[in-house]
Structures are given as C-alpha cells and as structure tokens.
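Side chains included, hydrogens not; waters and symmetry mates left out as well; all remaining heavy atoms used. Each chain gets a letter, A, B and so on, in the order the sequences are listed, and its residues count up from 1.
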Amino acid sequence: MTLQETLELHVKAGIKALFQSELESVEFQATRKEFAGDITVVVFPMLRVVKGNPAVIGEQVGQYLLDQVELVKGFNVVKGFLNIEISDSYYLEFFQSIKDKTNYGYVDQKDDKAVMVEYSSPNTNKPLHLGHVRNVLLGYSVAEILKASGKKVYKTQIINDRGIHICKSMLAYQKFGNNETPTQEFKGDKLVGNYYVKFDQEYKAEIADLIASGKTEEEAKKNAPILLEAQEMLRNWEAGDNDVVALWKKMNQWVYDGFEVTYKNIGVDFDTYYYESDTYLLGKEFVAEGLKTGVFFKKEDGSVWCDLTEDGLDEKIVLRSDGTAVYMTQDIGTAIQRIKDYPDVGGMVYTVGNEQDYHFKVLFLILKKLGFDWAKNLFHLSYGMVDLPSGKMKSREGTVVDADDLIKEMADTAEDISKDLGKLDDYDEAEKQELYKTIGLGALKYYILKVDPKKRILFDPKESIDFQGNTGPFIQYTYARIQSILRKADSNSYQFDTKDVMLHDKEKQLIKQLELFPEIIQNAAEQHSPALIANYTYDLVKEFNSFYQNVSILGADTEIEKSFRVELSKLVSQTIKNAFQVLGIQVPERM
RNA sequence: GGUCGCAUAGCUCAGCUGGAUAGAGCACCUGCCUUCUAAGCAGGCGGUCCUAGGUUCGAAUCCUAGUGCGAUCACCA
C-alpha cells in the first residue's frame with residue numbers, strides 16, 4: 001500500500017470519527033517547499049460533507065492523524081491545506097524495499113493481450129530525414145514504455161513500397177543511372193533518393209518546355225513525357241512485368257539495406273515488417289465483404305464508398321472505379337493481416353504525423369463497422385511536424401535534414417565539447433568515438449522526446465541542440481558521475497540498518513522523487529507520452545545534483561551514513577538508467 | 001467554409017483528472033573547482049498563462065464565443 005492509500009484510509013476514518021460523515025475521496029498533493037511537511041491534504045473538498053471552517057477542520061483531522069497514525073510525525077494547517085510531516089522511518093523502509101531492484105519501475109508482463117506498435121513506415125524512394133527521426137524515436141519509446149508497464153509489445157512498420165512515387169525514381173534510374181550501385185559510403189537509400197530528385201528536375205524541365213511551346217500549365221503537367229512513362233511503368237508493375245518487377249525489387253532492397261544502417265545508428269529495431277504490396281489485396285477482399293454486408297455501397301461509376309455522415313464525417317472512398325486500391329484499402333488490409341498473423345494482439349498504436357488525423361479517425365471507424373472487436377483498441381499516436389526555420393522539409397527540393405547527417409553532426413558536437421573538457425585522455429580512440437555517439441544521440445533523442453508529441457517542433461540546425469540544462473547529456477553526466485562514485489566506493493562491502501540512519505533533507509527529497517517513478521511509467525504508458533518520463537528524469541537528476549553538491553557522500557561523518565548515501569546514489573543511477581532505457585537513450589560510465 | 005490540434009517569461013518547454021505566491025532550462029547578471037567529474041551547484045533578472053464571458057469557495061487547467069498559427073476535408077500516399 002502506498003503512503004497515499006494509507007493516509008486516505010485514516011483521513012476517511014478520522015472524518016467519520018470526528019464528524020460522523022462519509023468521505024468519498026481525499027485529495028492529496030505534494031507539500032510546497034516553503035511549508036513544513038511531506039504531503040498535503042486539501043481540506044476544501046471535504047466541505048461538501050463536513051460543514052465548518054476549513055482551517056479548523058484541518059486542525060482536527062491533523063490532530064487525529066497525529067494521534068492515530070504512527071508514521072505521522074507532525075502537521076500544520078495553512079488556510080485550507082493540511083500539511084503532514086511523515087517520519088523518516090517510512091522513507092527509510094521504503095528505500096530499503098526498493099534499493100536492490102535493478103528493474104525498479106518496471107512491471108512484469110501482466111496482460112495476455114499484446115499491443116502492436118507501428119512506427120517509421122517510410123516511402124521507399126528517399127532516405128530518412130528529421131521528420132522520420134521524430135516518428136521513430138516516439139514509436140520506439142512508446143513501445144518500450146508499454147513493455148515496461150507490463151504489456152507484451154510487437155514493434156512493426158508498414159512499408160509503402162508501391163505506387164507512382166516509387167516508379168519515378170525507378171524510371172529516372174533507368175534513364176540516367178548508368179548501372180550505378182550503392183557502396184559503403186554511398187548508401188542505397190541515398191542513391192535511390194537522388195534519382196527521385198532527378199525525376200522531379202526532369203519533369204519540371206519538360207513542363208517548362210511544353211509551356212514554352214504553347215501548352216497551358218495544366219496540360220503540361222499532365223502530359224510531360226516522363227510522367228506518362230512513369231504511369232506506364234506503374235501499369236506494367238501492376239501487370240507483373242518481369243523487368244519492372246526485377247528493377248523494383250533491386251532498388252527497394254537497396255533502400256531497405258540503407259534504412260537498416262540508419263535504424264541501427266539511431267538504435268531502434270522492429271519485430272516484424274509489413275509491405276503494402278502484400279496487404280492491399282486482403283484489403284480489397286474485405287471491401288468486397290463489406291459491400292455484401294452493407295457497410296459499404298457502390299456508386300454508379302463502380303467506385304466503392306463508406307457512408308460516415310451519421311458519425312459526423314463525410315463519405316469515404318475505399319475502392320476506385322477501376323477497381324484498384326486506395327490508401328484506405330491497404331490500411332484495412334494491413335490491420336486485419338496483423339491480427340491474423342498475431343492472434344494475441346488486442347490493440348495497435350499507429351505512430352503517424354498529425355496530418356493524417358482524419359485518415360485514422362475514418363480507418364478506425366470503418367474497422368469497427370466491419371465488426372472487429374479489437375477496433376476499439378486502436379490508437380493514433382499523432383505528432384506535430386518538425387519544421388525548419390526556412391519552412392517545411394521537402395525531399396524533392398532537397399530541403400531536408402538527413403537523418404544520418406544529423407546523427408553525425410550531433411556526435412561531432414559532443415566530440416568538440418568533450419575535447420574542450422579533456423576528461424577522457426586515457427580512453428582509446430574507439431571508446432571515445434562510441435561515447436561521442438552516445439552523448440550526441442542522447443542530446444538529439446532527449447531534445448525530441450521531452451516535448452509533448454502533439455506540439456510542432458521548430459528545428460534550427462544552426463542553433464543546434466543544447467548540451468546543458470534540461471538535456472540528455474546533463475542527465476547522462478549525472479549518471480556518469482554516480483558511476484564514478486560507485487567505482488571508488490566499492491559499495492558491495494557496505495552494510496547498514498535503516499534504523500540507524502538520520503535522514504538528511506536532501507536525501508528525503510530524493511527518496512520521495514524515486515517513489516514516484518513506477519507511477520510515472522504507468523501514466524506514460526496510458527498517455528503514450530515519453531515526455532512524462534523525460535521530465536520526471538530531469539527532476540530526479542536535478543534533485544540528485546543538489547544532494548551531491550550539498551552533501552558529501554564518500555566523506556560522510558559515519559560509515560553508516562556513507563553506506564546509505566552510496567546505496568541511495570546507486571538507486572538513483574539505476575532509476576536514471578531504467579528511465580532512459582525506455583526513451584531509447586544510453587547512459588555512459590564516464591564522460 | 002466544416003472539422004481537428006496548438007497558444008504559458010526574450011527563446012525552448014513543464015504544469016496530472018480544477019487548489020496555496022504559475023515552474024524549469026537557454027540567454028543576461030552575481031558567487032562557488034588544493035575534498036566524491038564545474039556538461040555541475042547556489043542566487044538574481046524576467047509573466048495581462050492569446051482575448052472576452054461563464055461555472056466554482058477556488059480557473060493556466062473545465063464550458064461558450066472570438067483571435068492567431070498549423071493540419072485536414074482527393075478515384076495522392
């Protein structure tokens with residue numbers, strides 16, 4: 001039972017004994033630091049049941065608690081706030097109970113139903129950029145948070161491997177590629193991306209020519225020869241033309257190989273992959289099924305629609321008049337395919353930008369109408385765009401921040417700062433490079449994950465990302481500092497009895513902060529919000545640094561105090577590690 | 001135009017299901033390295049919580065209307 005639950009019972013009992021009234025619930029909050037006390041009961045809500053002056057009621061309840069409850073050491077009432085002082089022994093015993101848990105904050109798997117978390121889901125015609133980085137970090141972290149909260153999780157993505165945009169880079173490669181192939185230095189996704197840009201350049205040039213020869217802009221855009229060729233190629237692909245399919249497979253594989261390098265660099269992984277080229281047919285089957293059961297209807301031209309006007313939305317097309325699949329068709333197929341493949345999945349999380357809010361609203365509704373009971377457990381993890389000072393990123397125009405470049409730059413910055421500080425002179429070069437990457441990535445990941453997913457991020461490459469204050473490196477630094485103490489302390493030999501410890505105020509604050517962690521994990525899981533974890537960790541670390549600067553750990557007056565402080569520091573570092581683990585951020589032993 | 005999201009210090013952001021005098025970091029200004037890592041600590045400066053109403057003992061938080069920014073409303077994905 002938590003402290004709050006214990007106190008709640010006693011407050012209720014007190015109200016009953018003092019006023020013969022039943023209290024539904026008790027409102028608690030942390031005591032503000034300018035007042036004495038550890039936890040505060042808000043008296044105002046009790047006035048609904050108990051009539052009287054809140055200050056007087058607070059006084060009476062406080063006295064009752066002091067008399068009846070062992071762990072209550074004192075109290076004071078300010079206006080309608082009853083501040084309760086808790087005895088040190090409570091915190092010490094609590095600390096004793098968690099100090100050796102290396103998985104502190106995590107819950108063992110307690111749910112039979114699994115959650116499938118989709119993220120990344122790139123097109124296969126260009127490299128990953130900053131926008132994908134936000135997606136990937138969010139999705140990965142939410143998956144890890146869900147795991148830590150006791151859920152079974154499958155990480156997956158849907159690869160958008162078919163369509164006209166793929167044909168564009170294929171065509172440009174055919175025309176201008178000279179059988180170029182990817183190399184170690186020049187990854188396949190970059191190569192294919194270049195041809196996607198090349199296509200766009202040619203297309204624009206042809207449009208200009210056509211306009212010059214007297215065509216309207218609209219005609220020119222529709223009839224540019226290279227576009228017609230691309231459309232031809234798409235038809236050939238759908239018809240299964242051997243050469244086109246072979247080229248498609250080859251180029252897609254280049255891209256996949258390139259992506260894998262980037263994912264590995266970022267430090268994310270997937271349990272299973274889905275390809276739209278595999279799932280759109282299943283989607284079509286279920287559209288036919290829904291047509292029979294009346295979920296969908298057919299218009300005169302043969303296109304198939306879902307009427308959502310009763311739900312406050314519009315009609316939505318699910319199949320074109322020529323019978324080909326649209327985006328929605330594929331997504332219906334993909335969702336159903338996943339449940340077929342993994343029957344233990346009871347819900348899914350889609351990590352996709354907020355420009356698709358409407359699409360997912362519709363998708364979830366359609367799946368419900370099709371009668372799938374798991375459809376009620378679908379969640380669109382929607383996040384805001386990452387914008388540059390110059391505006392939106394556009395792959396075709398080359399105004400993107402490339403994911404690989406970005407990671408490299410972050411590591412370089414970490415290297416510059418590290419060299420200035422010069423603390424690592426005895427590390428060999430490989431160790432140093434590894435560390436720079438850990439710190440650089442830590443900075444990037446924390447920067448992105450600490451903000452509410454719903455908010456847009458304005459990313460200024462020139463301003464770059466901070467390494468001080470509320471940042472990843474600040475937290476990593478604190479971790480490394482604790483490790484340094486632990487190395488010197490040889491903590492295995494330390495023994496102490498909590499009864500012998502006099503709790504310093506900074507120590508108590510730290511234990512209080514540690515106490516919150518399991519609940520933070522659960523909240524973060526419910527709200528799909530890594531930001532909660534990031535901000536919690538920052539608060540914990542700030543609290544520790546204050547302790548560290550004000551209290552000597554290895555130089556404590558007594559062996560008991562020293563042992564206790566070492567153990568406390570150890571648990572703080574373990575908690576930092578556990579928190580950062582679910583954010584996908586590594587912690588260094590030194591820095 | 002309909003719908004959805006966002007709006008808090010010069011900048012970047014916290015602020016949980018309403019609770020005490022709205023909190024951090026960056027930037028700027030003071031102090032603190034011969035004792036555990038100064039990527040740190042202690043302190044200062046800085047706010048009409050977009051506006052106007054409403055609900056309430058109490059509103060940055062809830063409701064309504066409006067303003068600004070963004071997204072979306074395709075036989076694109």
Query raised in the report: Mind checking the C1' distance from B:U35 to B:G40? Whole angstroms is fine.
Result: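 Their C1' atoms lie roughly 16 Å apart.
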
Query raised in the report: If you measure from the C1' atom in B:U37 to the same atom in B:C62, how many Å do you get, rounded?
Result: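 That atom pair is separated by 48 Å.
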
Side-chain donor-acceptor pairs under 3.5 Å in residues 479-486 of chain A, sequence neighbours left out?
{"from": "A:Arg481", "atom 1": "NH1", "to": "A:Asn545", "atom 2": "OD1", "distance (Å)": "2.7"}
{"from": "A:Gln483", "atom 1": "NE2", "to": "A:Ser573", "atom 2": "OG", "distance (Å)": "3.1"}

Query raised in the report: Can A:Tyr548 be classed as stacking with the base of B:G40, given a centroid separation cut-off of 5.5 Å and a plane angle cut-off of 30°?
Result: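 The ring of A:Tyr548 is not stacked on B:G40.
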
Query raised in the report: With stacking defined as ring centroids separated by under 5.5 Å and planes differing by under 30°, is A:Phe81 stacked against B:A20?
Result: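 Yes, A:Phe81 stacks on the base of B:A20.
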
Given [N], is OP1 or OP2 found less than 4.0 Å from the side-chain N or O atoms of [X]?
| X | N | answer |
| --- | --- | --- |
| A:Lys361 | B:C4 | no |
| A:Arg565 | B:C36 | no |
| A:Lys455 | B:A14 | yes |
| A:Arg32 | B:G19 | no |
| A:Lys488 | B:U37 | yes |
| A:Ser484 | B:U37 | yes |
| A:Ser546 | B:A42 | yes |
| A:Lys79 | B:C57 | no |

Could you check, using the six-membered ring where one of them is a Trp, whether [X] and [Y] have ring centers closer than 6.0 angstrom?
| X | Y | result |
| --- | --- | --- |
| A:His165 | A:Tyr196 | no |
| A:Tyr256 | A:Tyr273 | no |
| A:Phe474 | A:Tyr538 | yes |

Identify whether any heavy atom of [X] sits under 4.0 Å from a base atom; if not, whether one sits that close to sugar-phosphate; answer base, sugar-phosphate or nothing.
| X | value |
| --- | --- |
| A:Val551 | base |
| A:Glu276 | sugar-phosphate |
| A:Arg456 | sugar-phosphate |
| A:Thr324 | nothing |
| A:Asp452 | sugar-phosphate |
| A:Asn523 | nothing |
| A:Gln527 | nothing |
| A:Asp416 | nothing |
| A:Pro54 | nothing |
| A:Lys454 | sugar-phosphate |
| A:Arg48 | base |
| A:Ser418 | base |
| A:Leu421 | base |
| A:Tyr327 | base |

Query - Salt bridge flag under 4.0 Å for residues A:Lys432 and A:Asp426 - result: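 The answer is no: the pair does not qualify as a salt bridge.
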
Requested in this report: Among A:Tyr119, A:Tyr383, A:Phe364, find the one that has a ring-ring contact (aromatic ring centres under 6.0 Å, His included) with A:Tyr350.
Outcome: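 Only one option passes, and that is A:Phe364.
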
Query raised in the report: Looking at B:A20, does its base get a donor-acceptor pair with the side chain of A:Thr40 below 3.5 Å?
Result: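 Donor-acceptor pair under 3.5 Å: yes.
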
Report task. Mark yes or no for a side-chain to base donor-acceptor pair under 3.5 Å between A:Asn83 and B:A20, with no hydrogen or angle criteria applied. Result ->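 Yes.
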
Query raised in the report: What orientation do A:His132 and A:His129 show, parallel under 30°, tilted 30 to 60°, or perpendicular over 60°?
Result: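 Taking A:His129 first and then A:His132, their aromatic rings sit tilted (interplane angle of 30° to 60°).
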
Report task. May I ask you to decide if the ring planes of A:Tyr446 and A:Phe580 are parallel, tilted or perpendicular, using 30° and 60° as cut-offs? Result ->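 Ring orientation of A:Tyr446 relative to A:Phe580: tilted.
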
Query raised in the report: Are a donor atom and an acceptor atom from the side chains of A:Lys506 and A:Ser546 found within less than 3.5 Å of each other?
Result: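 Present: a donor and an acceptor within the cut-off.
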
Query - Short side-chain donor-acceptor distance under 3.5 Å, A:Asp161 and A:Ser277 - result: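 Yes.
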
Query - Within 45° cone and under 6.0 Å: A:Lys299 NZ/CZ vs A:Trp305 ring - result: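 Yes, A:Lys299 sits over the ring of A:Trp305.
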
Query raised in the report: Given that both pair distances must be under 3.5 Å and the pair must be Watson-Crick or G-U, what runs of three or more consecutive pairs involve RNA chain B?
Result: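 Paired runs of 3+ in RNA chain B: B:1-7 with B:67-73, B:10-13 with B:23-26, B:28-32 with B:40-44, B:50-54 with B:62-66.
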
Table of protein N/O atoms under 3.5 Å from nucleotides 32-34 of chain B N/O atoms:
none

